[in-house]
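Take a look at the structure set out below.
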Amino acid sequence: MAVRATVTRFPIDVESLEESGLPWGVTVSPFAAKDENGNPPVYGSEGHLLPRCENCWAYYNTYCEQEQWAWTCSLCGTLNGLSSQSVSRYSQPESCPENISSFIDLELPIEESEEMQARPVYVAAVDLASSEEFLELVKSALLAALEALGPGSLFGLVTFSHKIGLYDVQGPIPVVKNVFIPYDSDGTLSMELQDVMPLSSFLAPVDACKDRIASALETLRPTTSWERTPGAGQGLDGVFLGGRGFGSAMEALFNYIGSEYGNTFALARVFAFLSGAPDIGAGQLDTRRYGEQYASRREDADRALLPEQTPFYKDLAAVAVQSGVCVDIFAVTNEYTDLASLKFLSIESGGSLFLYTSTDDSTLPQDMYRMLSRPYAFNCVLRLRTSSEFQQSHSYGHFFPDPQYENVQHIICCDSFATYAYDFEFANNAGFSRHTSELPMLQIAFQYTVVVPPDELANAGSNTTTRAKHSLKKRLRIRTLQFGVGHSINEIYDCVDSEVVLSLLVHKVILASLEQGVREGRMLLHDWLVILTAQYNDACKLIQSGHGGSSGVHIDVAFSQCPQLQPLPRLVFALLRNPLLRLHEEGVHPDYRIYLQCLFSALEPSSLSRAVYPLLTSYASPDKQAYPRHSLSRAALITSGSPIFFLDAFTNLIVFYSSTADPSLLFPPPQDCLLRTTINKLKQERCITPKLSFIKGGQDDATVFENYLIEEQDVEGSGFTSVMGFVSFLEEINQSTLEYLK
């Protein structure tokens, strides 16, 4: 569980918080195997016996003062009694994880009602209203997935177009049974899927049927227009409009597999492969809104295209959760698919949203394999508690709040990369005491379930008949942290983590964009930097003016006296130039914007920082690094004199050989060199597979590389006056800060 704060010394009171101009909060990656310093938790059992505070319900931890029969809560100061069982446990403190470390992971007992044969269930839902290229890509992705699935897993294959196809792959040849999807938006299927094919025939054991599943995948073909029913997808004057009943197919599928939830499986994962927008049946989407001329109606396209056009998929996500299903959506399309409406099905059921604009260089097979190879937890509950002087004000991330309890979040499915963010505020005007030794406390409790495969359970005496039986393990992970207090603004500025500040800013601007449009999100970000600049200059007494007029005022916009704040102007500049916040008329596809919103709001701070402001390093040769970091400008390329540059933009990795590079340098770099080792390590550590490109300057088209060099003053060709280099941006912030100070 990695926890990072915007400031490691908290502001002492409301006034100090406002004077700093900084967001105050933390990011939490609850299922990360280690903390932010690389330390693992201390593991133990009997988590249900851990004492809890009678007042605030916090868990006993290493910061609590303990007497023989009582303990004082480190969060609220309440004196609690200890049971005789706890007294005897704590008579040997070094035997209990909670007395050894403030980061613990304890096993919880499984209740009888939860004892079940918890086989992992995976279902692939494939769009047949698509192309041959799309299906070839999906086949390779699913073959990669089959390699990653553990023994004892069950796999089902379903297709959708104007009809739903269920596959039985357990016999010698694959059998498919179809049911047609009614064209109208409220039409229900003529029969339940359970009546079309029993679930036991549909879900096949991967170990025994891997080859047969592969054979079934080979039979997938796109539906041709004459195959579709007369009602489906017939447009005006016989013009064909499609036939992709995605909503109806998902609704029927959840009801179908949900019948075995809590019996055969504890979590089913559905992989939905889409090549366009749903256009028949329940949940059909009108894609004409993308082509509308918003400018002529004085309407903001960025505001019009970000909200969902129907609550259907949000409601369907709730059905998925009730059915124990988590949905990952893989959209492979360059057409408008309205991900603004579809995204809820994935993010609110605990899944992910992936977008690939082309089948040619898509990393879909690698992403599938990677996603299924890493451990994940499910049915998770996350609870953050604070000491009494401050409290949580907002929470951000892909979870849903508990309907009954405040500040409790439910996460359906969580991997080690998933990250959530919290904003803090003071509970009253008093703030933290200047005179006592009591420091701000934070406790994060994360209860989760994992499926343990049979080989991990096997002991010397087990027999082979139980080999395929998976079991559930329930665990409780607790992290208790103590923070310092900044007694002056300078103390607070000296302990800023700019990457975490960026994380909170990204969550806030995404929220503002969704509620009020992208322009509002841009203004919020710009104004925040202006206010921070003004507060910093005021705090550091840097504002000097000549004879009371503003003409002689000098503003330090580069935060030259505070190294911790120095990355922020560049990060804000880069974020304003990111497609997340660029305007519709600049050619940003609304689906790509939605994809970035979903991706950025789940990334941990270092990854997000890399995605917003890429890292450019240079190499003297493939085996020798020259400089670890350059600014993103052509000037940096020229002045460094290095022949090879490596750009890491999180989703893209680019190796660029300058046109003046020595021809004897091997291109592309050989597999056994330092540069390749660095690239392979980065690819291994990513939650998604970055796209790798090699570009030879002077020979290959270098546009994709040059587009990342955002700091140039002279950005030609776009025709937008708003595009300016970093130096002009700082001048503009300087002017705005002067206006603000007036």
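Nothing here was measured: the structure is a model prediction, and the numbers come from that model. All residue numbers in this chain count up from 1 along the given sequence. Just the heavy atoms: all of them, side chains too, but no hydrogens, waters or symmetry mates, feed the values below.
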Q.
Minimum heavy-atom separation for Trp69 and Ser84, please, with both atom names.
A. CZ3-CA, 4.4 Å

Q: Indicate whether any N or O donor in one side chain lies under 3.5 Å from an N or O acceptor in the other, for Ser29 and Thr419.
A: yes

Q.
If we count only N and O atoms by modelled type, under 3.5 Å, do the side chains of Asn80 and Tyr60 hold a donor and an acceptor together?
A. no

**Q.** Flag side-chain contact, heavy atom, 4.5 Å: Phe378 against Leu472
**A.** yes

**Q.** Note, Thr6 side chain near Val496 side chain (heavy atom, < 4.5 Å)
**A.** no

Q.
Distance alone, cut at 3.5 Å: any donor-acceptor contact between the side chains of Ser387 and Glu389?
A. yes

Q: Compute whether any side-chain donor of one residue and acceptor of the other, for Gln535 and Tyr493, lie under 3.5 angstrom apart.
A: no

Q | Test side-chain contact (heavy atoms from CB on, under 4.5 Å) applied to Ala418 - qualifying residues, sequence neighbours left out | A | Cys414, Asp415, Tyr420

**Q.** Salt bridge present between Arg9 and Asp494 (N-O < 4.0 angstrom)
**A.** no

Q: Could you tell me which residues satisfy salt bridge (Lys or Arg N to Asp or Glu O under 4.0 Å) with Glu604, sequence neighbours excluded, listed by chain and number?
A: none

(Q) Please tell me whether Ser88 and Ser91 have a donor and an acceptor in their side chains that are separated by less than 3.5 angstrom. (A) no

Q: Answer yes or no on whether Arg610 is positioned over the face of Phe650, meaning its NZ or CZ is under 6.0 Å from the six-membered ring centre and within 45° of the axis.
A: no

**Q.** Residue list, ring-ring contact (aromatic ring centres under 6.0 Å, His included) with His398, at least two apart or on another chain
**A.** none

Q) Just checking, is any N or O donor in the side chain of Ser606 or Arg4 under 3.5 Å from an acceptor N or O on the other one? A) yes

(Q) Looking only at side-chain N and O atoms, does Asn537 offer a donor or acceptor that is under 3.5 Å from a partner on Thr737? (A) no

Q) In terms of the angle between their ring planes, are Phe390 and Phe10 parallel, tilted or perpendicular, with boundaries placed at 30° and 60°? A) perpendicular

Q | Within 45° cone of Phe103 ring axis and under 6.0 Å: Arg479 NZ or CZ | A | yes

Q.
Checking Ser395 against Gln409: is there a side-chain donor and acceptor pair closer than 3.5 Å?
A. yes

Q) Which of parallel (below 30°), tilted (30 to 60°) and perpendicular (above 60°) describes Phe446 and Tyr448? A) parallel

Q | Pair Tyr59, Glu98: side-chain N/O donor-acceptor within cut-off below 3.5 Å | A | no

Q.
A side-chain contact here means heavy atoms from C-beta on lying under 4.5 Å apart; do Gln597 and Lys343 qualify?
A. yes

**Q.** Shortest non-hydrogen separation from Leu603 to Cys687 and the atoms involved
**A.** CD2-SG, 3.9 Å

